[in-house]
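Worksheet for the structure shown next.
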Amino acid sequence: MARDVQITFDCADPAALAAFWADALGYRLQDPPGDFATWEQALDALGVPPERRNDASAVVDPEGAGPRLFFQRVPEGKRAKNRVHLDVRAAPGLAGDARMAALEAEAARLVALGATRLSRHEPAPPLGAGHLVLTDPEGNEFCLD
């Protein structure tokens with residue numbers, strides 16, 4: 001039986017990183033539980049003190065197709081290159097110059113949101129279609145593919 005997956009990010013600022021990835025992927029912040037209209041109302045009712053309200057955040061695909069992304073605060077900073085990373089499919093069906101132009105446009109949008117551009121890898125047929133490597137605002141590497 002196939003399982004649903006959630007992708008979890010250890011981070012310093014869950015709310016900020018959740019907002020970045022929601023914008024990057026076209027996701028939205030997860031709705032508060034139950035009948036609460038806002039997260040503030042839910043956290044008040046649950047007795048979560050103000051200093052703990054940015055301990056976690058989550059974003060979801062509004063269509064329900066993609067995985068939930070969960071962001072949890074951890075005390076330590078990022079120390080090494082990711083062994084697993086996201087590939088954001090920003091140019092499906094495109095090849096060559098059109099593909100790289102679409103990737104460059106998406107990279108510019110994400111840099112404006114707080115990403116950092118690391119490198120460009122040119123198309124190398126037959127297997128290499130070309131991609132860009134960036135980091136999110138906390139230094140997690142991802143590819144625009």
Side-chain angles (χ1 to χ4, degrees), residues 1-95 98-123 127-145:
M1 167 183 0
R3 302 272 191 253
D4 285 338
V5 297
Q6 168 177 283
I7 300 169
T8 300
F9 289 73
D10 290 349
C11 58
D13 187 346
L17 206 54
F20 170 82
W21 282 105
D23 285 342
L25 300 176
Y27 273 38
R28 64 174 175 75
L29 290 176
Q30 183 172 325
D31 291 333
D35 294 329
F36 295 105
T38 68
W39 273 103
E40 285 303 312
Q41 290 174 353
L43 297 173
D44 283 342
L46 295 168
V48 177
E51 67 274 9
R52 301 287 313 271
R53 294 194 177 184
N54 191 24
D55 281 0
S57 189
V59 298
V60 295
D61 177 353
E63 303 295 323
R68 177 180 190 251
L69 303 183
F70 181 73
F71 304 87
Q72 61 187 6
R73 183 188 310 242
V74 297
E76 71 277 359
K78 184 175 181 298
R79 294 190 178 122
K81 181 182 182 295
N82 300 3
R83 293 290 305 240
V84 175
H85 67 267
L86 300 181
D87 283 349
V88 178
R89 307 301 306 268
L94 298 177
R99 174 184 175 75
M100 297 310 290
L103 296 179
E104 290 290 353
E106 182 64 0
R109 184 181 79 83
L110 296 176
V111 166
L113 294 174
T116 299
R117 182 189 172 114
L118 295 182
S119 60
R120 175 179 165 130
H121 299 266
E122 298 297 329
L127 298 178
H131 66 281
L132 304 178
V133 180
L134 292 86
T135 64
D136 71 17
E138 290 204 14
N140 299 300
E141 297 90 1
F142 67 96
C143 294
L144 291 180
D145 178 21

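The two residues Phe142 and Ala115 have their closest heavy-atom pair at CZ-CB, 4.3 Å. The shortest non-hydrogen separation linking Asp145 to Arg99 is OD1-NH2, 2.6 Å. Between Pro32 and Phe36, the closest heavy-atom pair is CG-O, 3.3 Å. Between Leu103 and Ala91, the shortest heavy-atom contact is CD2-CB, 3.8 Å.
Side-chain N or O atoms of Glu141 include none that pairs as donor or acceptor with a backbone N or O of Val133 at under 3.5 Å. Using modelled atom types, no side-chain atom of Arg73 and backbone atom of Pro14 make a donor-acceptor pair closer than 3.5 Å. Between the side chain of Lys78 and the main chain of Ala80, a donor-acceptor pair closer than 3.5 Å is present.
A salt bridge does not link Arg89 with Glu106: every distance from a Lys NZ or Arg NE/NH1/NH2 to an Asp or Glu carboxylate oxygen is 4.0 Å or more.
Atom CD of Glu63 has 12 or fewer neighbouring heavy atoms from other residues, nucleotides or ligands inside a 6.0 Å radius. Within 6.0 Å of the CG atom in Asp35, the count of heavy atoms belonging to other residues, nucleotides or ligands does not exceed 12. Within 6.0 Å of the CZ atom in Arg52, the count of heavy atoms belonging to other residues, nucleotides or ligands does not exceed 12.
Note that CD of Gln72 is 4.5 Å distant from CG of Asp10, once rounded to the nearest 0.5 Å. With rounding to the nearest 0.5 angstrom, the CG atom of Leu110 is 10.0 Å from the CG atom of Leu132.
Among residues two or more places apart in sequence or in another chain, the side chain to side chain donor-acceptor pair (under 3.5 Å) test is passed with Gln41 by none. By the side chain to side chain donor-acceptor pair (under 3.5 Å) test, Asp23 pairs with no residue at all, sequence neighbours left out. For Asn140, the side chain to side chain donor-acceptor pair (under 3.5 Å) partners at least two apart in sequence or on another chain are Asp136.
By the 30° and 60° cut-offs, the orientation of the rings of Trp21 relative to Phe9 is tilted.
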